[in-house]
**Q** 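My questions all concern the structure below.
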Amino acid sequence: MPEKPALDAAAATSKGLEKTFDPAHFEERWYAVWEKDGHFQPGGPPGSPRFVMVIPPPNVTGRLHIGHAYGRTIEDILARWKRMSGYRVLWVPGTDHAGIATQMVVERQLREEGLARQDLGRETFIERVWAWRRESGDMILGQLRKLGCSLDWSRLRFTLDPELSRAVRHAFVLLYRDGLIYKGRYVVNWCPGCRTAVSDLEVVERKTKGTLYKIRYDVPGVAEGAVVATTRPETMLGDTALAIHPEDPRNAALRGKRALLPIVGRDLPVVEDAILVDREFGTGVVKVTPAHDVNDFAVGQRYGLPAVVVIGPDGKMTPEAGEYAGLDRFVARKKIVERLEAEGRLVAAEPYEINLGTCQRSEDVIEPYLSEQWFVRIEPLAEPAIRAVEDGTVRFAPESWAKTYFAWMRNLRDWCISRQLWWGHRIPAFTCANGHLTVADEDPAACDTCGSAALEQDPDVLDTWFSSQLWPFSVFGWPEKTPDLEDFYPTDVLVTGYDILFFWVARMIMAGLRFTGQAPFSTVHLHGLVRVGGEKMSKSRGNVIDPLEAIQEFGADAVRFTLASAAASGPTVSVERGRMAGSRNFATKLWNAARFTLGQLEGRPATRPPDGQALSLPDRWILSRLDTTAADVHRHLEGFRFDEAAGAVYGFLWHELCDGYLEMVKPVLSQEASAQAPAEAARSVLRHCLESSLALLHPFMPFVTEEIWEKLTGNPGTLIATPYPQGTGRWRDAEAETAVEALRAIVTRVRTFRTERGASPTEPVELTIDPQSPSRAGIPALETLAPLLSHLARLSDLRFAPAEAGAFQDVVAGLMLSLALPQASAAGGQARVGKALAAVADEIAQLSAKLQNPAYLEKAPPAVVEKTRLRLRELEEKRAALGRS
RNA sequence: GGGAGGUUAGCUCAGCGGUAGAGCGCCUGCUUUACACGCAGGUGGUCGGGGGUUCGAUCCCCUCACCUCCCACCA
């Protein structure tokens, strides 16, 4: 495409800024400058007010998705805001080794080479994962830079770093010594796809259409036998008992009998168990499979039943399954059902909705599986963690999450932390030839119990979340008493999605209290999950927003601003592409306001800050609005309302500063007037407002604001460290606000008047304002604004005089206006007047009814009643005015 | 089976006791020289249904309907 002609180029040289901007021109540059200048590291002396966050470490395998972008944008807004507000800010970056996820990535690669991890052996495989990590892991870190995240890269951590690994090991040792970690054979959630145990949280229940099979077992001495129901017939091969309820008369005949397990022929005792058996359900007879069901396992414990494992770790039937050995569990199910049917034992096969547990990672059907695992005893950890939230040591924002937290924490089961994987922190437990366990920080040379030197380390690794739970202090060097730990722990705010409240947040609180005696953070901001236009993002819907593509198309600032604006307190955050464009437009608006301002300031003596004297009403108005806006932004940020905060700056900058003030000062700044005092005042106000806007906006749009800041102040890369506008109230000015808001309302009314009459926007209008208007407070101020009013509303005549008989009349902002189009012949607008009149009459009727209601007058607050009276009076004026028109 | 959240303008969402707001969209005008990624004006809402509390309810309570999510060992 040929270059745009000289017009733009000329504009560029004369104003210093191009007409539209290209974020790619400066984003990378400013990030490098900030980093080089050390702004991402906490300055100031230890002990002075600081603000600390740790990033929720993304998986090393990860690429930045819109959810990360959202959470990290929020964190960066907080970091930049606090930094500009004078805090020593530290935001710690890092990544998570993500056991299963990462191992799966590398295993997939191996599979493409026709290999399995076992072919390489443990050492080689792990080396291979590290190699992968070196070349394509950590991609997400560069992507966080693109987003503008002001993370302290000098403190970058990885959960498998030597220091963090030591912390993990030490935490394990401490819990083990305190009896809070134990090893045992229990039924756990087993994923045959991942070939490892997983925790309860990693099992995703999915409603699925299944079948409930009813199977008859023979019971010698009981003619009709016993009918049991199951959705997993293949597990029957592992049955070691039947259970009935002790008080169920229906099955009284089965008491003390023995049943015969079909196919296998095993002799099964009939036990009576009131806990397992629900008398209401089905036949009241339950098959007991201790090796493949949590409840049945408990029954087995109670009655000393054997446990027979019939489904192996690979999801195939074990040799215990006899002729079915080696078959996939689902194939076996089918064959067993066929056989039962052939034998006439299948009483029924009914459609049944089941909650199918599936693996969060691989989506395989989870199998309850009896195996030896390591567990954390949760109750002693949960109790203080519950208290910490109850007593406000840890606060949730929004608060409503506390309820969910409590509900979960009060019903916790022990946490299975061992994983049959290779990638992760290896369990520091060693078994000697005599079967004794030694658990230690350093690899032991001999068994603690018998001194045997023949030690073998437990092959399992720890659940990834076991290391993540230590993150807020392991990143600072715990268990060493490092200066960083001293200085920056506990942290202040933790920002993350509510989806990992249990996985991570709750466990961090437990671990923090246990290991450091302090809660790891004082506030948890749980945000919603990002949806696109209310819909879940998915490739099949084709609505996936890739933040990196969005950054490329709209700029990082626009992406950030959009995400911040979308931040809602609810469980979903809705983002649309249209909003990205809107944010980009907003950045351009700012850019152009800056161009205009620079044009005004160029070649003139440096402006001084506005000083209260010689300020016009518009000057005072915009300063007042700025003051209020700054206070609002501050308040909203305190309350984690990023949408409101962003909206406040947006509204101020676009609609008040640009649409309002800029237009008002143009005549003041024009050629003839530009040397005069009011123009000088306006220029200083303009500069002040723009600079403040840049500062206010910087946490949301760091790049474009820094770029403009350089042009405006000549101080490159310093906006990031400029004090954040506080909104002290110093410039609050009710008089100026009333007058200018009235002015703006009148201007709008005049323009609408033209539209109503079908007149062109340039058609001169004569306006008369009645000094005896119902609300006269603004009249003197308004009189000083007369030239401005004439200019903005394009009036051919403006008078402060009683309403003109015969002219069109209306009441705006409490002021009685008479309007006329001296040159117009068109007479439109009558329909509109009629409509307006009807609406006014309607409201008058309602308000007068209200004011005639004694109960209202008596019970409503006087201020409200007064407001109603005022409104009624105004409406009556308006009705009169419109009626005369 | 429990629990939480939602239902407000065509779309996406704010508001949560004094009769409704934004962005986008839509309509109508504009080379008003910072900006068409713009300016100006406008259109558009029985605030899911029903009941109650209140002087007054989109906002509080009850109930129904429909969505979404979380938790739970019902064979």
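Just so it is clear, the structure is predicted and the values come from calculations on it, not from any experiment. Letters A, B, ... mirror the listed sequences (proteins, then strands); counts begin at 1. Reckoned from all heavy atoms, side chains included, excluding hydrogens, waters and symmetry mates.
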**Q** Nearest whole angstrom, please: distance from the P of B:rU28 to the CZ of A:F753.
**A** 23 Å

**Q** Looking only at atom types and distance, does a side-chain atom of A:D557 sit under 3.5 Å from a main-chain N or O of A:V704, one as donor and one as acceptor?
**A** yes

**Q** OP1 or OP2 of B:rU33 less than 4.0 angstrom from a side-chain nitrogen or oxygen of A:K666, does that happen here?
**A** no

**Q** What distance, rounded to whole Å, do you find between the two P atoms, one in B:rG25 and one in B:rG17?
**A** 32 Å

**Q** Using a cut-off of 4.0 Å on non-hydrogen atoms, how would the nucleic acid contact of A:T748 be classed: base, sugar-phosphate, or nothing?
**A** sugar-phosphate

**Q** Which value, in whole Å, describes the distance between the P atoms of nucleotides B:rC67 and B:rU8?
**A** 15 Å

**Q** In whole Å, I'd like the distance from the CZ atom of A:F596 to the C1' atom of B:rA34.
**A** 7 Å

**Q** If you check the A:R794 side chain, which of B:rG23, B:rA4, B:rU32 turns out closest?
**A** B:rU32

**Q** Taking A:R560 for the side chain and A:F700 for the main chain, is one N or O donor matched with an acceptor at less than 3.5 Å?
**A** yes

**Q** Quantified in whole Å, what is the C1' atom distance between nucleotide B:rA14 and nucleotide B:rG45?
**A** 15 Å

**Q** Between the protein and nucleotides 70-75 of chain B, are there any N/O to N/O pairs under 3.5 Å, and if so, what are the atom names and distances?
**A**
{"from": "B:rA72", "atom 1": "N6", "to": "A:N355", "atom 2": "ND2", "distance (Å)": "3.2"}
{"from": "B:rC73", "atom 1": "O2'", "to": "A:N295", "atom 2": "ND2", "distance (Å)": "2.6"}
{"from": "B:rC73", "atom 1": "N1", "to": "A:N295", "atom 2": "OD1", "distance (Å)": "3.3"}
{"from": "B:rC73", "atom 1": "O2", "to": "A:N295", "atom 2": "OD1", "distance (Å)": "2.5"}
{"from": "B:rC73", "atom 1": "O2", "to": "A:N295", "atom 2": "ND2", "distance (Å)": "2.7"}
{"from": "B:rC74", "atom 1": "O2", "to": "A:D278", "atom 2": "OD2", "distance (Å)": "3.1"}
{"from": "B:rA75", "atom 1": "OP2", "to": "A:Y352", "atom 2": "OH", "distance (Å)": "2.9"}
{"from": "B:rA75", "atom 1": "O2'", "to": "A:A229", "atom 2": "O", "distance (Å)": "2.9"}
{"from": "B:rA75", "atom 1": "N6", "to": "A:D278", "atom 2": "O", "distance (Å)": "3.1"}
{"from": "B:rA75", "atom 1": "N6", "to": "A:F281", "atom 2": "O", "distance (Å)": "2.4"}
{"from": "B:rA75", "atom 1": "N1", "to": "A:D278", "atom 2": "N", "distance (Å)": "3.1"}

**Q** How close or far is atom P of B:rA40 from atom CZ of A:R757, stated in whole angstroms?
**A** 23 Å

**Q** Distance only, no hydrogens: is a donor on one side chain within 3.5 Å (strictly under) of an acceptor on the other, for A:D239 and A:T289?
**A** yes

**Q** When we call it a touch if two heavy atoms are under 4.0 Å apart, what does A:L662 touch: a base, just sugar-phosphate, or nothing?
**A** base

**Q** Give me the distance, rounded to whole Å, that separates B:rG6 from B:rC16 when you measure between the C1' atoms they each carry.
**A** 14 Å

**Q** For A:T752 and B:rG42, is the shortest distance between a side-chain N/O and OP1 or OP2 below 4.0 Å?
**A** yes

**Q** Report the distance from atom CD of A:E756 to atom C1' of B:rU28, rounded to the nearest whole Å.
**A** 14 Å

**Q** So, do A:Y405 and A:W401 have ring centers that fall under 6.0 Å from each other?
**A** no

**Q** Between B:rU43 and B:rU28, how many Å separate the two C1' atoms, rounded to a whole number?
**A** 10 Å

**Q** Contact class for A:H292 vs. all strands (heavy atom < 4.0 Å): base, sugar-phosphate, or nothing?
**A** nothing

**Q** With a 4.0 Å cut-off on N to O distance, would you call A:E350 and A:K214 a salt bridge?
**A** yes

**Q** Quick one: do A:E367 and A:R232 satisfy salt bridge (Lys or Arg N to Asp or Glu O under 4.0 Å)? Show the steps, please.
**A** CA-CA 10 Å; A:E367 211 60 54; A:R232 300 182 297 147; 3.3 Å; yes

**Q** Checking all strands, does A:W654 fall into the base, sugar-phosphate, or nothing category for heavy-atom contacts under 4.0 angstrom?
**A** sugar-phosphate

**Q** Distance check, P atoms only: B:rU46 and B:rG41, in whole angstrom units.
**A** 26 Å

**Q** If you assign each of A:E843 and A:R751 to its closest nucleotide in RNA chain B, which residue comes earlier from the 5' end?
**A** A:E843

**Q** Can you figure out which of B:rC37, B:rC13, B:rG18 approaches the side chain of A:N585 most closely?
**A** B:rC37

**Q** Of the options B:rU12, B:rG38, B:rC37, whose atoms approach the side-chain atoms of A:T20 most closely?
**A** B:rC37

**Q** Starting from P on B:rU12, measure out to CZ on A:R579 and report it in whole angstrom.
**A** 12 Å

**Q** Is there a donor-acceptor contact under 3.5 Å from the side chain of A:E202 to the main chain of A:S199?
**A** yes

**Q** Do A:S760 and A:E763 pair up side chain to side chain, a donor and an acceptor below 3.5 Å, judged on atom types alone?
**A** no

**Q** Looking at B:rC11, B:rA14, B:rC35, which one has an atom nearest to any side-chain atom of A:D643?
**A** B:rA14

**Q** Mark yes or no: A:R333 above the aromatic ring of A:Y213, with NZ or CZ under 6.0 Å from the six-membered ring centre and no more than 45 degrees from the axis.
**A** no

**Q** Using the P atom on both, measure B:rU68 against B:rC60 and round to a whole Å.
**A** 23 Å

**Q** Just checking, any donor-acceptor pair under 3.5 angstrom between side chains of A:Y303 and A:D273?
**A** yes

**Q** Considering just the side-chain nitrogens and oxygens of A:W591, establish if one lies under 4.0 Å of OP1 or OP2 belonging to B:rG38.
**A** no

**Q** How many whole angstroms separate atom NE2 of A:H655 from atom C1' of B:rG38?
**A** 12 Å

**Q** Need one value for A:P368: base, sugar-phosphate or nothing, where a base atom within 4.0 Å counts as base even if backbone is also close, heavy atoms only.
**A** nothing

**Q** For A:R754 and B:rU32, what is the distance between atoms CZ and P respectively, to the nearest whole Å?
**A** 15 Å

**Q** Under 4.0 Å between a Lys/Arg side-chain N and an Asp/Glu carboxylate O for A:R635 and A:E644?
**A** no

**Q** Taking atom P in both B:rC11 and B:rG18, compute the distance separating them and give it to the nearest angstrom.
**A** 27 Å

**Q** Regarding A:R641, tell me which of base, sugar-phosphate or nothing describes its non-hydrogen contacts under 4.0 Å with the strands shown.
**A** sugar-phosphate

**Q** Identify which nucleotide among B:rG41, B:rC55, B:rC39 has an atom closest to any side-chain atom of A:T755, counting heavy atoms from C-beta outward.
**A** B:rG41

**Q** Under the 3.5 Å rule, do the base of B:rC35 and the side chain of A:R595 count as making a donor-acceptor pair?
**A** no

**Q** How close or far is atom P of B:rG18 from atom CG of A:L870, stated in whole angstroms?
**A** 18 Å

**Q** Pairs counted as Watson-Crick or G-U wobble with both distances under 3.5 Å: what dot-bracket string results for RNA chain B, using | for bases tied to another strand?
**A** ((((((((.[[[[.)..(..]]]].(((((.......))))).....[[[[[..)....]]]]])))))))....

**Q** Carefully, step by step, assess A:L201 and A:R507 under the rule side-chain contact (heavy atoms from CB on, under 4.5 Å).
**A** CA-CA 12 Å; A:L201 278 176; A:R507 286 168 178 167; 3.4 Å; yes

